[in-house]
Structures are given as structure tokens and as C-alpha cells.
Amino acid sequence: MVFSFFVDALKKQPLLVHGTSPRYYVINGKRKLFCSYEIGSSELFFEHQKIFLHSLGVEKKFLFRVKQVHGNYVYVLKDANISDSKVAHCEADAIITHVSDCPIMVLTADCVPIIIYDPIKHLAGIVHAGRIGTQKQILTKTIEALSREYGSNPKDLIVGMGPAIRGCCYKVDEPCAQPFINKSSSYLEFVKKTEKNKFYLDLPQINRIEGFEAAVLMKNIYTEGPCTSCENYRWYSYRKEGITGRLMTMVMLQPRK
Ligand SMILES: [Zn+2]
């Protein structure tokens, strides 16, 4: 049996559905691989999406996603009747919504998928935070958008991160590490220097500190997600594999009674 990834603290929320899809499912004893080079357009992709949703008990045919561009724009999904294809054309790297029964997702392979939940206002957010998006503070922008659009208090938020490339495997050159070193006095928690001019970056850890600096309580930020490169047999890793598939990370609010 192949399992999706869940953040324990989010799993405890009674009116929230979430998860990250594994790289394959076993159907009738056979491995069903999802490996779409044209992301989001192949038949196999939609089949994988259907199996994923079904495994979460969601009998929807669609997931809302945006056109991810490694930026810091946040799409606010307020119209319950908008079509998923219209949303898919909007360039953004995060979605927030108050709409129930409206699954939102990001696609990743090493970048950090981040789920945000406000249990007080009953709001959900999903973020695609790669190195560039993290540098542009996409998580902070999403937390700010929740406050601006819905009056959400960051202290109420629960933030959970899914499978992503971690400090054990994500080796970069100095120009890629320097912006993070410059920005945070606690950079030693997520940047490790190895041989000359090479650095290991831990993207979930960088986002953890960013979330804290955006006023989310440290105890409400969960970064236990596995490393996509170390556990490549379960998750997709662009760094390790080159052309590969994408993991789906989704969150959906269930209606309040
Ligand atoms: Zn690793």
C-alpha cells in the first residue's frame, strides 16, 4: 500500500481535508505511475488526481490550481462558482479561500508545498515555495493576504509543510545561498557551508523561520515532511531526476454545520 503524506496537526482538524499524493499508486496489484512531462495535461495526471481525491474521501472531479511562476502573488478564491480552468490560467504561487468543498492545490517536486489553516475563521491556504518563491517571501505574502482579505490573525494559523528537498540534499552555489544568509540572523539553522562556495539549504526550515517572523506561533509550524531526494522512491525530486512528475498537495475546507 502506498500512502499519501499528512501533517498530523492538520489531520486532527475535524473540518479539514488535506494531503500530498505519492509518486505512484498500486491498483489491482499493479503500479500506476503518474509521470507527466506536460504538467497537468495528461490523461494519467487526471487519473492520478481522481485516485488521490478518492483516497481522501473527496468525490470531486477537480482541484483548483494556479499557473505557478516562482513569484509571490496570492490568488484569492472568493467566487464559489468560478471554473477551475479559469483559475488555472492565473499566474500565482499561492491560493487562499474561505469557500467550503473547494479543493485547492499546488504541484511540486522539491519545492515546499505549504498548507495554512485558520481554525477560528475557517480559512485555508496553499503555497508553492521553491527557492525563488521563498526568497520573494511567498509565505509571508500569503499570511498577509489572509489578514487583509479575511481579517485572519497569524497567531491562530496552523502551518504544515509537505515533502520537499531538505538540507541533507539541496546543494547550491553561493549566489543562491547568500540572500538567505543576508536576510536572517538565524541562518545557521538552515544554511550549511560545505566545500568552497557550496551550501546546503533547508527550504522548509527557512519557511519555518519566515512563518514565525510573520507572527505565526512557532509551535503551530510543522516541518516534519520527508526529503524528496532522500526518499525519491516515494516522492518526485526534480533535482535528483531531472524531468519528472509532480506531487499534488491539496487542502479543502468542509462546511461548518
Ligand atoms: Zn535528503
Side-chain angles (χ1 to χ4, degrees), residues 1-11 18-25 31 33-37 39 48 52 68 70 93 105-116 126-139 159-181 183-184 186-212 218 221-250:
M1 187 65 192
V2 181
F3 296 101
S4 300
F5 174 82
F6 301 103
V7 177
D8 287 345
L10 293 173
K11 192 105 181 148
H18 83 285
T20 300
S21 67
R23 66 180 292 143
Y24 66 88
Y25 289 101
R31 266 189 183 206
L33 281 167
F34 154 56
C35 203
S36 170
Y37 302 148
I39 298 162
H48 194 90
F52 176 47
Q68 297 170 197
H70 297 281
D93 285 272
M105 79 152 160
V106 287
L107 296 169
T108 61
D110 290 340
C111 295
V112 193
I114 310 176
I115 294 167
I116 308 176
I126 192 99
V127 181
H128 159 246
R131 179 177 56 81
I132 306 286
T134 300
Q135 209 175 305
K136 294 177 181 169
Q137 297 197 289
I138 179 66
L139 177 59
V159 176
M161 300 181 204
I165 196 161
R166 310 234 27 169
C168 39
C169 295
Y170 189 36
K171 198 197 275 187
V172 298
D173 294 325
E174 190 174 6
C176 298
Q178 205 59 52
F180 299 106
I181 295 171
K183 202 187 140 282
S184 176
S186 31
Y187 72 87
L188 287 174
E189 288 183 40
F190 53 74
V191 183
K192 284 198 176 61
K193 194 171 181 183
T194 55
E195 69 259 41
K196 204 180 171 206
N197 292 334
K198 292 285 180 189
F199 297 81
Y200 282 106
L201 287 185
D202 194 315
L203 291 178
Q205 194 64 6
I206 297 173
N207 278 284
R208 181 166 175 258
I209 291 165
E210 186 181 321
F212 176 66
M218 199 55 111
I221 307 176
Y222 299 87
T223 58
E224 297 83 354
C227 174
T228 41
S229 181
C230 288
E231 294 189 24
N232 191 222
Y233 62 96
R234 277 188 77 184
W235 318 106
Y236 290 115
S237 171
Y238 177 76
R239 260 294 174 108
K240 195 157 190 171
E241 302 171 83
I243 293 171
T244 189
R246 293 292 181 275
L247 305 170
M248 294 181 239
T249 298
M250 72 79 79

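Here the structure is a predicted model, which means the values were calculated and not measured. Every number for a ligand or one of its atoms is a count from 1 in the order of the listing.
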> Has the side chain of Asp202 got a donor or acceptor atom that lies under 3.5 Å from a matching backbone atom of Arg166?
Replying inline: no

>> Give me the atom names and distance for the closest heavy-atom approach of Pro22 to Leu247.
In response: C-CD2, 4.4 Å

> What are the two closest heavy atoms between Tyr24 and Tyr233, and how far apart are they?
Replying inline: CE2-O, 3.6 Å

> Does NZ or CZ of Lys192 come closer than 6.0 Å to the centre of the six-membered ring of Tyr200, within 45° of the ring's axis?
Replying inline: no

>> Please give me the protein atoms (N, O or S only) lying under 2.8 Å from the Zn ion (ligand 1), ordered by chain and number.
In response: Cys168 SG, Cys169 SG, Cys227 SG, Cys230 SG

> Can Asp110 and Arg239 be counted as an ion pair, charged N to O under 4.0 angstrom?
Replying inline: no

> Thinking salt bridges, do Glu241 and Arg23 make one under a 4.0 Å N-O criterion?
Replying inline: yes

